[in-house]
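Written out below as structure tokens is the structure these notes cover.
Small disclaimer: the values here were computed from a predicted structure and weren't measured. Throughout, protein chains are lettered first and strands after them, A, B, ... in sequence-line order, and every chain is numbered starting at 1.
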Amino acid sequence: MDKNKKYLITSALPYANGALHLGHLSGAYLPADIYVRYLRLQGRDVAFICGSDEHGAAITIRAKKEGISPKDIIDKYHSLNKSTFEKLGISFDYYHRTSEKLHHETAQGIFKKLLEKGGELEEKTTEQYYDEEFKQFLADRYITGECPKCGHSEAYGDQCEKCGSTLSPTELVNPKSTLSGNTPILKKTKHWYFRLDKHADWLRDWIKNGMLDGKQHHDSKTWKKHVVGQCLSWLNDKEGLQPRSVTRDLDWGISVPVEGADGKVLYVWFDAPIGYISSTRQWALENGKNWEEYWKQGPDKLELVHFIGKDNIVFHCIIFPAMLKAHGEYALPMNVPANQFLNFEGRKFSKSKGWGIEQHEYLEEFKDFPNKEDALRWALIRNMPENRDSDFKWDEFVDHYDKDLADNLGNFINRVVVLTNSYFEGKVPAAAIADDEAAFIEKLKPVKKLANSVIDEIEKFNFRAAAAALMELSSWGNQYLQDAAPWAARKSDPDAEIIKESLFVSLQTVAALSILCEPFIPFTSLRIRQLLNLPKAKNGILELVEAKLKLGKPLIPVGHKIGKPAILFAKIHDRKDKSRLEIIERQKAKLEAVLAAEKANERPPIKPETTFDDFTKLDIRTGTVLTAEAVPKTKKLLKLTVDIGIETRTVVSGIAEHFKPEEVVGKKVLLLANLAPRKLRGVVSQGMVLMAEDAEGKLGFVSAGEAWGNGLTVR
RNA sequence: GGCGUGGUAGCUCAGCUGGUUAGAGCGUCGGAUUCAUAAUCCGGAGGUCGAGUGUUCAAGUCACUCUCACGCUACCA
């Protein structure tokens, strides 16, 4: 640990197209905040950087749909996300936005540098769809058409939301521009591609061994296994890294700073991570700092850490580093401690299904819940998806709050404050060990040890373990007080030394807790400090605490007058006051309502009207499955032979995840017999077996019944 | 299908380079205690370490096969 190092800590830039839920918070923002607050307590020079990612086609499409401007959308979510983070105590030094001029200049500057350097960007001309009426090229999301895979009539140019296939616009059947509704034409367009493929070798050495330019950059063992694993999986892929297009034909974004590139913008993935840089620049500008010290120094002078969710690993560990290295002047991240995903009561968060809770919703729903910010932070920390997916449950929220914060931490502090007030008029007692450094050190050894383990775990990005160590410290306090039992000593001798000593030690422990808990539960830290009548934990105080514990100096001096007892955490399970429990119960009831509603309806809407003529074009026949076998090297496909009376058909069907081959043999089915044959994985499929599908995607066979023969028509 | 990560007490998780009776917290059961928010403290019960095979004097820890979960990637009616 070098005190002279600069620390640049970033959290993933939220896309300004929606609100963030608890999973985002626990994945990328809360861990970063803990780390940053810790660094500040240690007196380190740190910049905590974030901002809104405001470009990309998704925003323009939504704007179009809702009849508003992209600016309306990004303004709305920029301010919502920014203010929500503030309320939850996420202590960004700067929360910028990529629509700012400074960002546009920064991104263009980097693009130009790469272009001038040569060899990093290459031009390629391809054919893309163009809307003649609107006179513009169409981004993938601006084109809809029939999905070639499932036939869904409103698939987008990049993917079909019905079957989840990844598509390219030219695959769509009957493509339509969402702008004019016309059929677009193919037209040539020029784009720039970043030669990612040229960077594979050094990236591999950097990720695997932590080596950069022949020098040790970081210790790769300190990176999370799933992070290194996924990167190497990419780097070792037999296809290898491919050049990636960095520009698009779009009117929303950062214009490509090249002559004759009108109507072209930087692809959002290229400009978004550069947002970290522009955000730092803006922060430096407003705070009299030199931004380059936070981006352009060697690993001995600067530590860059990206906090992200696992969906962003490849971007932050491969693509962005490659961009920075290609540019040549920027530092690469020292670590990218990506978290996995947080589920919510056993399922993925889903806005459309109403599953989960967004950050601002939580604040609203819990507005009458005292200390709601720390209650949430604590529950999320205790269950952070650090190495595997985890699950947020209200019952655990309650447990963590009551057991840890109220019973353990809160109650310990309360015991100490009450005893100090009733035995010593609220003053830190003059225990003999207060002036005896050796004895002090000996008595407070466990405090020092546990404080060190909190620190150690934070440094290793093990925030769950750090939080557990914090609880151990408060547990130790409870245990110590119980053993010392000043209330018992007082009965026989009111002046017994153990009474003074035990409270002196306990008060030192509370003082240590008030600081050590700050990264996790900052609002509570402040309240404990107030209870002790001490000022807010300020930057650098933790290194003083470490020094004092080492030298045997009190953290809170003899004679210091503390405040009156006050409850820090009112329990949720409280026999006198049900109000907090009611808030929780309301949340649980909401989830049950969602589940009930799902069971009740949840049927896809009726498709657009069709004609009898169209229907009669379909030749549907009754049939019986004769044989079934898995198609090799596929997960979903079964090769079936179906007897339809007049002949036997070979059909490839995507049902292998639902049925084993032997379960299918002998099934009565309906077969669409005049579907154009299509080759799938080398097998020609002559028809399609009709299936019913439920809301969870489960499939069921459809047939005319056991008694029916094969080859009969359906009408 | 390929790749990655994970599968350890009822629940949430620790277990570094293989080495004595596999750990913690919560829950549970029993006891102590009263300064305290039905809080605290002490003690007990509870695990064939996903399944199997192998390497080894010795495997939760290494290798192989299988299985389940999650993700990336390919393919997909």
Side-chain angles (χ1 to χ4, degrees), chain A residues 147-151 160 163-166 221 224-239 309-311 313-314 340-341 343 348 382-383 385-391 393 395-396 399-400 402-408 410-423 462 464-465 467-469 471-472 475 477-488 490 499 502-503 506 565-577 630-638 651-657 672 675 678 680-682 685 687-691 693 699:
Chain A
C147 174
K149 318 280 172 80
C150 72
C160 170
C163 66
S165 319
T166 309
K221 282 207 271 307
K224 296 190 185 197
K225 274 166 101 174
H226 66 268
V227 173
V228 173
Q230 195 186 323
C231 291
L232 291 179
S233 159
W234 249 66
L235 290 166
N236 295 333
D237 190 280
K238 38 189 181 305
E239 307 282 310
K310 67 174 160 184
D311 51 331
I313 288 174
V314 167
Q340 310 245 19
F341 286 154
N343 291 319
K348 289 188 203 317
R382 287 296 254 159
N383 195 19
E386 289 178 324
N387 295 310
R388 64 188 87 165
D389 290 358
S390 67
D391 197 5
K393 295 193 182 84
D395 283 343
E396 289 181 359
D399 257 16
H400 290 136
D402 279 358
K403 303 294 172 193
D404 289 347
L405 298 180
D407 293 349
N408 187 351
N411 186 43
F412 171 60
I413 293 170
N414 189 239
R415 296 170 81 183
V416 175
V417 173
V418 167
L419 285 169
T420 305
N421 269 283
S422 57
Y423 293 179
N462 295 331
R464 289 171 77 130
M471 281 301 113
E472 269 187 71
S475 254
N478 272 317
Q479 214 169 306
Y480 169 82
L481 200 55
Q482 196 73 20
D483 289 347
W487 51 89
R490 202 157 187 264
I499 304 175
S502 60
L503 280 170
S506 297
I567 296 294
L568 279 174
F569 298 98
K571 289 184 69 162
I572 294 170
H573 283 296
D574 186 319
R575 54 181 169 153
K576 284 172 257 164
D577 180 357
V631 178
K633 302 198 177 194
T634 66
K635 199 159 31 177
K636 298 183 180 175
L637 299 185
L638 288 186
V651 175
V652 177
S653 183
I655 58 174
E657 287 180 316
L672 179 55
L675 184 66
R678 189 187 158 106
L680 298 168
R681 287 261 114 192
S685 180
M688 173 172 161
V689 173
L690 303 187
M691 308 291 284
E693 182 178 17
L699 299 180

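- Set against B/U40, B/G6, B/U37, the side chain of A/Asn478 has B/U40 as its closest nucleotide.
- The C1' atoms of B/G60 and B/C72 are separated by 28 Å, rounded to the nearest whole Å.
- Interface remark: the A/Asn414 side chain does not form any donor-acceptor pair with the B/A36 base, using a distance-only criterion of under 3.5 Å.
- For the pair A/Asp311 CG and B/G71 P, the computed distance is 11 Å after rounding to whole Å.
- Salt bridge status for A/Asp577 with A/Lys571: absent, with no side-chain N to carboxylate O gap under 4.0 Å.
- B/G30 is paired with B/C42 under the Watson-Crick or G-U wobble criterion, all donor-acceptor distances under 3.5 Å.
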Where do N or O atoms of nucleotides 66-68 of chain B meet protein N or O atoms at under 3.5 Å, pair by pair?
none

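- Distance A/Leu405 CG to B/C26 P: 14 Å, rounded to the nearest Å.
- Here, B/U12 and B/U37 have their P atoms 33 Å apart, quoted to the whole Å.
- Taking the side chain as every heavy atom from C-beta outward, A/Val314 and A/Cys231 never approach each other to under 4.5 Å.
- B/C13 is paired with B/G23 under the criterion used here, namely a Watson-Crick or G-U wobble arrangement in which both key atom distances are under 3.5 Å.
- A distance of 5.0 Å separates CG in A/Asp404 from CE in A/Met471, rounded to the nearest 0.5 Å.
- Between the A/Ser506 side chain and the A/Ser502 main chain, a donor and an acceptor come within less than 3.5 Å of each other.
- The CZ-C1' distance, from A/Arg490 to B/U34, rounds to 14 Å in whole Å.
- For the residue pair A/Ile499 and A/Arg490, the shortest heavy atom distance occurs at CD1-CA, 3.6 Å.
- The nucleotide whose nearest atom lies closest to any side-chain atom of A/Asn411 is, among B/C72, B/A36, B/C26, B/A36.
- For the C1' atoms, the distance from B/A32 to B/A39 is 15 Å, rounded to whole Å.
- B/C57 sits 25 Å from B/G50 when the P atoms are compared, rounded to a whole Å.
- For A/His226 and B/G71, the NE2 to P distance is 13 Å, given to the nearest whole Å.
- When the nearest nucleotides of RNA chain B are assigned to A/Val416 and A/Lys576 by heavy-atom distance, the more 5′-ward of the two goes with A/Val416.
- When the C1' atom of B/C70 is taken as reference, atom CZ of A/Phe341 falls 10 Å away, rounded to whole Å.
- The residue A/Phe569 sits close to a base: some heavy atom pair falls under 4.0 Å.
- Looking at heavy-atom distances under 4.0 Å, A/Leu232 makes no contact with the nucleic acid at all.
- For the pair A/Lys224/A/Asn387, a side-chain contact is recorded, criterion being any heavy-atom separation below 4.5 Å from C-beta on.
- In this structure, the CG atom of A/Asp395 is 13 Å from the P atom of B/G27, given to the nearest Å.
- Contact annotation for A/Lys348: backbone-only contact, meaning every heavy-atom pair under 4.0 Å involves sugar-phosphate atoms and none involves a base.
- Within 4.0 Å (heavy atoms only), A/Ser475 reaches sugar-phosphate atoms of the nucleic acid but no base atom.
- Nucleotides B/U8 and B/G47 are separated by 8 Å at their C1' atoms, to the nearest Å.
- Of the possible donor and acceptor atoms, one in the side chain of A/Ser390 sits under 3.5 Å from a partner among the backbone N and O of A/Asn383.
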Using a cut-off of under 3.5 Å, enumerate the N/O to N/O pairs linking the protein to nucleotides 42-46 of chain B.
from, atom 1, to, atom 2, distance (Å)
B/C42, OP1, A/Gln479, NE2, 3.4

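- With both pairing distances under 3.5 Å, B/C72 is matched to B/G2 as a Watson-Crick or G-U wobble pair.
- Atom CH2 of A/Trp487 and atom C1' of B/U34 are 8 Å apart (whole Å).
- Taking the ring centre of A/Phe341 as origin, the terminal cationic atom of A/Lys310 falls inside the region bounded by 6.0 Å and 45° from the ring axis.
- With a cut-off of 3.5 Å on both pairing distances, the Watson-Crick or G-U wobble partner of B/G52 is B/C64.
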Next item on the list: Walk me through it: do A/Arg382 and A/Asp399 pass the test salt bridge (Lys or Arg N to Asp or Glu O under 4.0 Å)?
Entry: CA-CA 11 Å; A/Arg382 287 296 254 159; A/Asp399 257 16; over 6 Å; no
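- Judged by distance alone, with hydrogens and angles left aside, the side-chain atoms of A/Asn414 form no donor-acceptor pair with the main-chain N or O of A/Gly410 at under 3.5 Å.
- The main-chain N or O of A/Arg464 is found under 3.5 Å from a side-chain atom of A/Glu386 such that the two form a donor-acceptor pair.
- Comparing B/U5 with B/G43, their C1' atoms are spaced 39 Å from each other, to the whole Å.
- Annotation for A/Leu672 and A/Leu690: closest pair CB-CD2, 4.3 Å, computed over non-hydrogen atoms.
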Detail all sub-3.5 Å separations between protein N/O atoms and N/O atoms belonging to nucleotides 10-16 of chain B.
from, atom 1, to, atom 2, distance (Å)
B/U12, O2', A/Arg464, NH2, 2.9
B/A14, OP2, A/Arg388, NH2, 2.7

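- Across every non-hydrogen atom of A/Val651 and A/Gly687, the tightest pair is CG1-O, 3.4 Å.
- A distance of about 13 Å separates the C1' atoms of B/A14 and B/C49, rounded to the whole Å.
- The A/Gln230 side chain lies nearest to B/C72 when the options are B/C72, B/C35, B/C26.
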Checklist line | From CA spacing to verdict: side-chain contact (heavy atoms from CB on, under 4.5 Å), A/Trp487, A/Leu481 | finding: CA-CA 10 Å; A/Trp487 51 89; A/Leu481 200 55; 4.1 Å; yes
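- Rounded to an integer number of Å, the gap from A/Leu419 CG to B/U37 P is 11 Å.
- Picking from B/C35, B/U37, B/G71 the nucleotide with the shortest atom distance to the side chain of A/Lys310 gives B/G71.
- Nucleotides B/A45 and B/G71, compared at atom P, are 40 Å apart to the nearest Å.
- Both A/Gln340 and A/Gly687 lie close to RNA chain B; mapped to their nearest nucleotides by heavy-atom distance, the more 5′-ward contact belongs to A/Gln340.
- Closest to the A/Arg415 side chain, of the nucleotides B/U34, B/U40, B/U37, is B/U40.
- When both distances must be under 3.5 Å, the Watson-Crick or G-U wobble mate of B/A59 does not exist.
- For A/Asn408 (side chain) and A/Lys403 (main-chain N/O), no donor-acceptor pair under 3.5 Å exists by modelled atom type.
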